[in-house]
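The structure displayed is predicted, hence computed values, not measured ones. In what follows, chains are A, B, ... by sequence order, proteins preceding strands, each numbered from 1.
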Protein chains: 2
Amino acid sequence: MKQSYNNGVEATLGVISGKWKPQLLCYLGNRPQRTCDLRQELPAISQKVLTQQLRELERDGIIMRRVYGERAPFKVIYELTALGKSLGQILVQMSEWGEQRATQLPDMEIRNDHAGFTHILEG
Amino acid sequence: MKQSYNNGVEATLGVISGKWKPQLLCYLGNRPQRTCDLRQELPAISQKVLTQQLRELERDGIIMRRVYGERAPFKVIYELTALGKSLGQILVQMSEWGEQRATQLPDMEIRNDHAGFTHILEG
DNA sequence: CTGAATCCGCCGGGATACTG
DNA sequence: CAGTATCCCGGCGGATTCAG
């Protein structure tokens, strides 16, 4: 079926929105990672949801999935595609805007700063 | 209660995510608008949801609400705040990225182009 | 003209158990 | 190690009605 959006913003939101996607993009922006690496960085995520979010990012062409090994145990590596890396500027700006805003609101906390996303720009 | 995000991207997403918010920001980026104007530009939105989304944007400091008139019928005007306008660059970039991506995918359609958001930058 | 109050369906995300 | 299959819950957004 044909996807239809009113504007490009909605289309972009459709790609990066998701409870764990910003964090996944951040970690994968640093370097390609194995599934177990991601599970270690995101201890709270369930297996089902991790696979789900990764599948969506893959389907949208943001990340690439590579499997090594003929039989279990497998080694699966996820990494940003060129398209995924092209999100770098946007992610850094969104990160900075959010941080900037948090400084004005005492009741808002942001754990990691935008440096986590800047690595995407280096690729 | 204290809001907590893992990174600034999530914080920004929390502000602009919502089924109608990108469109509302686009229209309000052109000029301040009355409630009835917005309802005309978004015929499909229900009254409840329109008010809801506007309230959220207002609570987050993105738009400002002004009421004119002592008694009904009231005249209510919504307009972007300085903070709201500071989202302009991000929205334009997200819009362009989404459009760019749509050109690669035959099954994806985007009705309005990023020009709708560039007016925010002029304020 | 503008908005509050209900009631409700859908879907993203979570808990758990199972497979290769 | 990596992923699938169920069952489940909460909250966003929708339809409708009432009010100043």
Side-chain angles (χ1 to χ4, degrees), chain A residues 1 3-6 9-25 27-28 32-60 62-79, chain B residues 1 3-6 9-10 13-25 27-28 32-60 62-79:
Chain A
M1 58 166 252
Q3 285 253 70
S4 191
Y5 297 100
N6 294 296
V9 175
E10 294 180 5
T12 304
L13 284 173
V15 167
I16 65 177
S17 287
K19 183 162 185 181
W20 306 91
K21 286 182 188 175
Q23 288 184 83
L24 287 171
L25 293 174
Y27 292 128
L28 292 173
Q33 309 239 18
R34 298 188 55 176
T35 308
C36 54
D37 296 333
L38 294 172
R39 301 207 68 213
Q40 203 153 8
E41 308 221 57
L42 302 174
I45 197 174
S46 72
Q47 296 188 356
K48 190 198 82 169
V49 176
L50 174 59
T51 307
Q52 229 172 232
Q53 306 262 311
L54 288 170
R55 288 284 178 284
E56 292 175 11
L57 288 171
E58 188 190 7
R59 180 174 49 72
D60 292 338
I62 307 302
I63 65 175
M64 188 169 183
R65 178 176 182 268
R66 289 217 181 87
V67 185
Y68 299 91
E70 295 291 318
R71 236 173 306 288
F74 297 106
K75 179 175 176 180
V76 179
I77 292 192
Y78 295 94
E79 65 183 315
Chain B
M1 57 166 254
Q3 286 253 71
S4 191
Y5 297 99
N6 295 295
V9 175
E10 294 180 4
L13 283 174
V15 166
I16 65 176
S17 287
K19 183 162 183 180
W20 306 91
K21 286 182 187 174
Q23 288 185 83
L24 287 171
L25 293 174
Y27 293 129
L28 292 172
Q33 308 240 17
R34 297 189 56 177
T35 308
C36 52
D37 296 333
L38 294 172
R39 300 207 67 211
Q40 203 154 8
E41 308 222 58
L42 302 174
I45 196 175
S46 73
Q47 295 188 357
K48 191 197 84 168
V49 176
L50 174 59
T51 307
Q52 229 171 233
Q53 306 262 309
L54 289 170
R55 289 283 178 286
E56 292 175 12
L57 289 171
E58 188 191 7
R59 179 175 50 71
D60 292 337
I62 306 303
I63 66 176
M64 189 173 185
R65 177 174 182 267
R66 288 216 181 89
V67 185
Y68 298 92
E70 294 292 320
R71 237 173 307 288
F74 296 107
K75 180 174 175 181
V76 179
I77 292 191
Y78 294 95
E79 65 184 314

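- Regarding B:K21, its NZ atom lies at a distance of 10 Å from the P atom of D:dC12, rounded to whole Å.
- Within the 3.5 Å criterion, the main-chain N or O of B:N6 finds no donor-acceptor partner in the side chain of A:Q23.
- Residue A:Q53 places at least one side-chain N or O closer than 4.0 Å to OP1 or OP2 of C:dG13.
- Going from atom CD of A:Q47 over to atom P of C:dG14 covers 13 Å, rounded to whole Å.
- Within 6.0 Å of CD in A:Q40 there are 12 or fewer heavy atoms belonging to other residues, nucleotides or ligands.
- To the nearest angstrom, P of C:dG3 lies 18 Å from CZ of B:R71.
- Note on B:V49: a base of the nucleic acid sits closer than 4.0 angstrom, heavy atoms only.
- Side-chain proximity of B:C36 to the nucleotides D:dG3, C:dT2, C:dG13 is greatest for C:dT2.
- Remark: the A:K19 side chain and the C:dG13 base include no donor-acceptor N/O pair separated by less than 3.5 Å.
- Between the CZ atom of A:R55 and the C1' atom of D:dG3 there is a distance of 7 Å, given to the nearest Å.
- Phosphate proximity of C:dG3 to B:T35: present, with a side-chain N or O under 4.0 Å from OP1 or OP2.
- Residue A:Y68 is out of contact with every strand shown, counting any heavy-atom pair closer than 4.0 Å.
- Atom CH2 in A:W20 sits about 13 Å away from atom C1' in C:dG12, given to the nearest Å.
- Rounding to the nearest 0.5 angstrom, the gap separating the CD1 atom in B:I63 from the CD atom in B:Q53 is 10.0 Å.
- Here A:R39 lies out of heavy-atom contact (under 4.0 Å) with every strand.
- Contacts of B:R34 with the nucleic acid, taken as non-hydrogen atoms under 4.0 Å apart, involve only primed sugar atoms and P, OP1 or OP2.
- Rounded to whole angstrom, the span from the CG atom of B:L50 across to the P atom of D:dG13 amounts to 13 Å.
- A distance of 9.5 Å separates OH in A:Y5 from CG in A:L13, rounded to the nearest 0.5 Å.
- Here the P atom of nucleotide D:dA2 and the OH atom of A:Y78 are 8 Å apart, to the nearest Å.
- Nearest-nucleotide positions on DNA chain D for A:K48 and A:V76 put A:V76 closer to the 5' end.
- The two residues A:K21 and A:G14 come nearest to each other via the heavy atoms NZ-O, 4.4 Å.
- A:G69 comes within 4.0 angstrom of no nucleic acid atom, judged by non-hydrogen atoms across all strands.
- The 5' end of DNA chain C is approached more closely, in terms of each residue's nearest nucleotide, by B:P73 than by the other of B:P73 and A:G18.
- In this structure, the CG atom of A:L42 is 14 Å from the C1' atom of C:dG13, given to the nearest Å.
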